[in-house]
Structures are given as C-alpha cells and as structure tokens.
Amino acid sequence: MNQKDILVISNMYPTDKHKSFGIFVKNQVEALSRTGLNVDVMAINDPESGKAKVLKKYLMWLFATAANLLSKGKKYDVVHAHYVFPSGALGLMYKKLWKTKLVVTAHGGDIDKMARKNARLFQWTKKILQEADEVIAVGTELEETIRTEFNVPAEKISLLNMGVDRTVFAPQDASQAKAKLGLPKDENVLLFTGNVIRQKGVKELIEAVGLLKSAGESAKLYIIGPAKDRAFYQELKADIAKFGLEDQVEFAGVKPQKEVALWMAVADVFVLPSHIEGFGLVALEAMSCETPVLGTSVGGLKHLLAGDSGCMVRVQNADDIKKGIQKILSDEDYRSLLINNGIHKAEENDQKYIIEKLLTLYFPTGG
C-alpha cells in the first residue's frame with residue numbers, strides 16, 4: 001500500500017501546558033501514525049474561555065486551516081474531523097474543493113449541546129453529517145440520534161469509540177502506587193477525572209461524600225482535571241465548607257496520562273456521575289486499570305456500564321451515589337464482579353482494535 005496522507009481537524013488538542021485538552025484525539029493521532037500513515041493536524045490547542053479569546057483562537061484556526069487547504073489540501077487521502085461543528089465544517093471545505101474523503105466523529109456535546117443552541121447550528125450540523133462520507137458515533141444513543149433526528153442513513157454511521165490504550169491504563173500494585181503518590185495505606189480513595197463543570201456531576205459527588213461522612217464512613221475524594229468554570233469551582237468550595245469536607249475532598253489539578261493511570265490504580269472507586277455523556281472513555285480507562293466504576297445511567301455511559309461492568313446510579317442523585325460507593329466498598333463479591341466485567345469491557349475496546357476498524361473506514365479496499 002502506498003503511504004497515505006491523513007488530515008485530522010479538531011477544536012481540542014493538548015499541549016505540554018494543557019495536557020488533558022482533547023488528549024483522546026492526540027492518542028488516536030499517535031496510534032494512526034504508528035501504522036505508517038502520514039498524519040497532519042489542524043487544531044485548537046488553547047482551552048481558554050472568554051469571548052475575545054475564543055473569537056481570536058477560532059479565527060486563527062480558520063485562517064491556518066484555509067492556508068493548509070490551499071497549499072496542501074490536494075495531498076490528503078482522508079480528512080477526519082473530530083466534533084461535527086465547527087471541525088466538520090472545515091473538513092467539508094476539503095471535500096468541496098479537492099473531493100477528499102470526509103470522516104466525521106461525533107463525540108456527544110456537538111450533538112446534544114452545540115446543535116441545540118439554535119436552528120442555524122442544527123442545520124449546519126445536519127448538513128455536515130449528511131455530506132460526510134462516513135460518520136462515527138462514540139456511543140449507542142448518539143448513533144440513534146444522528147440517524148433519527150439528523151436523517152443520516154444507518155449504513156453511513158459507525159459505532160466506534162476512541163478506545164483505551166491498555167499499555168498506559170494497566171493494572172498496578174495499589175500499595176506501591178499509594179506509596180508513590182504519598183497517600184495513606186488505609187485510606188478509601190474515591191476518584192473523579194474530567195472537566196470540573198456542572199454537567200459532570202461533581203456537585204452531587206461532593207454531596208455524596210458529605211452523606212458518607214454523616215453516615216460515619218470515611219473516604220477521600222480526589223478530583224483530577226481543569227476547573228474551567230471559576231464560578232462553579234467557587235460553588236463547589238462553598239459546598240465543601242458546608243459539609244465540613246475540607247480534609248475529605250482534594251482538587252489535584254491536571255495530570256499527565258501516566259499519572260492519571262497511577263491514580264486509577266490506587267482508587268477504590270472511580271466515579272463518573274455525568275448529566276450527559278457521549279461514551280465515557282475515562283470510565284473505560286479505569287476499568288482497564290482494574291478499578292471498579294460507578295457512573296450514571298445516561299447516554300453512552302449506561303451502555304458501557306451495562307451487565308455489571310460498573311455500578312449504575314440515577315442522574316443527579318447524591319444519595320444513589322453514596323449508596324453505590326458504600327456497596328462497592330463493603331461488598332467484596334460485588335466489587336470483584338465489577339472489576340472482572342470491567343476488564344472484559346476494556347479488552348473489547350482496546351485501542352489497537354479500534355484503530356484497525358478505523359483504517360477499514362478510511363480505506364475499505366485496503367488502500
């Protein structure tokens with residue numbers, strides 16, 4: 001097969017400064033590169049918010065992509081856009097000008113939130129999905145929404161998550177990992193990783209830790225991820241003070257992936273209490289580390305946790321979260337069941353298999 005050229009377009013991509021910003025896209029780019037493909041990336045790598053900053057970074061991204069379109073656009077065999085709008089709109093320019101194959105991955109927020117902001121964005125999203133050659137949905141409910149609400153033919157949609165890198169997210173000795181992180185040996189560790197925003201259910205999780213304390217049970221919650229919404233972060237700090245959890249909740253900031261894997265290894269329970277979730281890749285990463293997962297019955301997450309691959313609780317329900325944590329910590333048989341089923345789920349979603357499937361979407365005849 002002749003060496004192929006791929007362009008990946010994304011409005012999220014990490015840097016050394018912003019390690020977690022779209023890290024799943026970078027992971028896939030690196031995995032594709034290892035197969036021998038030439039992969040270029042046109043992406044936004046700055047998560048800063050504020051109208052002026054957002055306008056500036058999006059304009060710079062647009063101009064840089066337009067320059068790439070005119071100077072290099074003809075060479076690409078496939079353009080793969082992550083997030084339908086706006087990335088898919090830029091990808092559509094390559095298809096229009098150079099007849100390049102366009103693959104678009106919908107991650108959830110682009111369909112459930114961005115497309116719902118107004119009628120124009122909904123129509124833009126619909127146009128991109130319908131004109132793309134291949135549409136990838138990371139979760140089952142997302143796939144159904146794209147097919148039914150955006151009228152995309154089922155044969156053009158593939159259900160394919162980003163996959164877990166099981167060389168990074170692998171089991172480790174918990175006591176050694178605790179020693180590396182300087183954590184007490186007998187501490188019950190609860191872990192959340194992700195953006196510290198309301199939609200991730202962090203507020204209910206902190207309330208659940210408060211309920212555990214009221215019940216006389218000890219557990220410490222570590223929150224890894226960027227606090228993007230400062231007002232919400234202050235609201236959480238107020239909740240921590242209200243429940244008297246200053247010693248039981250710690251914001252650990254942003255960590256590189258290998259360190260996140262270390263934290264997952266020490267966690268007694270990984271908690272992802274999202275209000276909306278396209279798939280829930282971090283939950284799969286925790287499963288790969290042989291850590292029991294508790295999550296909400298929402299979006300792609302409820303399919304990931306089905307069949308006792310994780311403990312499933314109701315959305316926005318702190319009492320449910322508390323009871324789920326208690327059950328995982330106290331019932332050894334249930335804990336083992338979750339861990340074993342989670343391992344199988346991680347094996348099924350190993351990144352190497354996902355990449356193989358992605359390559360068949362790029363090049364159905366093998367190139």
Side-chain angles (χ1 to χ4, degrees), residues 20 23-24 27-28 31 107-108 138-142 159-174 176-178 181 188-195 200-201 205 219 221-225 255-274 277-313 320-321 324-325 327-329 331-355 357:
S20 66
I23 183 65
F24 48 90
N27 288 344
Q28 190 173 89
H107 288 273
V138 298
T140 306
E141 289 196 0
L142 201 55
L159 182 61
L160 200 64
N161 65 72
M162 300 296 284
V164 58
D165 185 345
R166 299 182 69 234
T167 63
V168 174
F169 295 96
Q172 300 182 57
D173 183 273
Q176 289 181 14
K178 274 189 173 180
L181 294 170
N188 284 326
V189 174
L190 310 178
L191 181 67
F192 167 90
T193 70
N195 292 324
K200 289 292 182 181
L205 177 52
L221 169 63
Y222 294 90
I223 297 172
I224 294 176
K255 306 290 183 186
Q257 279 203 304
K258 286 188 177 179
E259 193 172 335
V260 171
L262 192 64
W263 278 96
M264 286 177 171
V266 307
D268 294 285
V269 187
F270 179 85
V271 191
L272 187 62
S274 306
E277 194 68 59
F279 177 68
L281 182 60
V282 288
L284 189 65
E285 290 167 346
M287 291 175 186
S288 190
C289 294
E290 299 187 1
T291 300
V293 172
L294 181 150
T296 39
S297 177
V298 61
L301 191 55
K302 70 181 177 187
H303 297 281
L304 180 62
L305 302 179
D308 286 324
S309 292
C311 175
M312 212 169 341
V313 299
D320 264 21
I321 296 170
I325 291 169
K327 184 172 175 62
I328 294 171
L329 291 178
D331 187 336
E332 194 58 45
D333 289 340
Y334 182 60
R335 180 182 178 82
S336 296
L337 177 68
L338 296 184
I339 290 171
N340 289 330
N341 289 340
I343 292 167
H344 292 310
K345 196 61 74 87
E347 288 171 348
E348 291 169 6
N349 293 278
D350 192 311
Q351 187 186 63
K352 64 183 180 183
Y353 300 129
I354 302 296
I355 292 298
K357 291 177 183 176

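Here the closest non-hydrogen pair linking Pro292 and Arg335 is CG-NH1, 3.4 Å. Nearest heavy-atom pair, Ala31 versus Gln351, reported as atom, atom and distance to 0.1 Å: CB-OE1, 3.7 Å. Heavy-atom minimum distance, Lys200 versus Glu277: NZ-OE1, 3.0 Å. The two atoms that bring Pro273 and Ile321 nearest to each other are CB-CD1, 3.7 Å, heavy atoms only.
For Phe24, the ring pair (Phe, Tyr, Trp, His ring centres under 6.0 Å) partners two or more places apart in sequence, or in a different chain, are His107. Scanning for side-chain contact (heavy atoms from CB on, under 4.5 Å) contacts around His303 gives Thr140, Glu141, with sequence neighbours left out. Applying the side-chain contact (heavy atoms from CB on, under 4.5 Å) rule to Pro171 yields the partners Glu290; only residues at least two apart in sequence or on another chain are considered. For Ala177, the side-chain contact (heavy atoms from CB on, under 4.5 Å) test picks out Leu262, Ala265, Val266, with sequence neighbours left out. A search for side-chain contact (heavy atoms from CB on, under 4.5 Å) contacts involving Lys345 returns Leu284, Met287, Leu304, Ser309, Glu348, Asn349, not counting sequence neighbours.
Interatomic distance, OG1 of Thr296 versus CG of Leu294, reported as 8.5 Å (0.5 Å rounding). Rounded to the nearest 0.5 angstrom, Leu205 CG and Ile325 CD1 are separated by 6.0 Å. Ile339 CD1 to Cys289 SG: the interatomic distance, rounded to the nearest 0.5 Å, is 11.5 Å. Annotation: the span from Leu190 atom CG to Ile328 atom CD1 amounts to 9.5 Å, rounded to 0.5 Å. Note that the CE atom of Met312 and the CG atom of Asp320 stand 12.0 Å from one another [nearest 0.5 Å].
Between Cys311 and Leu338 there is a side-chain heavy-atom pair separated by less than 4.5 Å. Leu301 is not listed as a side-chain neighbour of Phe279, based on a closest heavy-atom distance of 4.5 Å or more.
With Val293 as the fixed residue, the side-chain contact (heavy atoms from CB on, under 4.5 Å) test singles out one of Val271, Leu305, Leu191, Val282: Leu305.
Sorted by first and then second residue, the side chain to side chain donor-acceptor pair (under 3.5 Å) pairs with a member in residues 256-268 read Asn27-Gln257; sequence neighbours excluded.
Using a distance-only test at 3.5 Å, with no hydrogens or angles considered, no donor-acceptor pair links the side chain of Thr193 to the main chain of Ile224. Remark: side-chain polar atoms of Ser288 are not paired, donor with acceptor, to backbone N or O of Arg166 under 3.5 angstrom. Judged by distance alone, the side chain of Asn341 and the main-chain N or O of Asp308 form a donor-acceptor pair under 3.5 Å.
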Audit row: Leu272, Phe192, side chain to side chain contact (heavy atoms under 4.5 Å, CB included) steps and yes/no: CA-CA 6 Å; Leu272 187 62; Phe192 167 90; 4.0 Å; yes
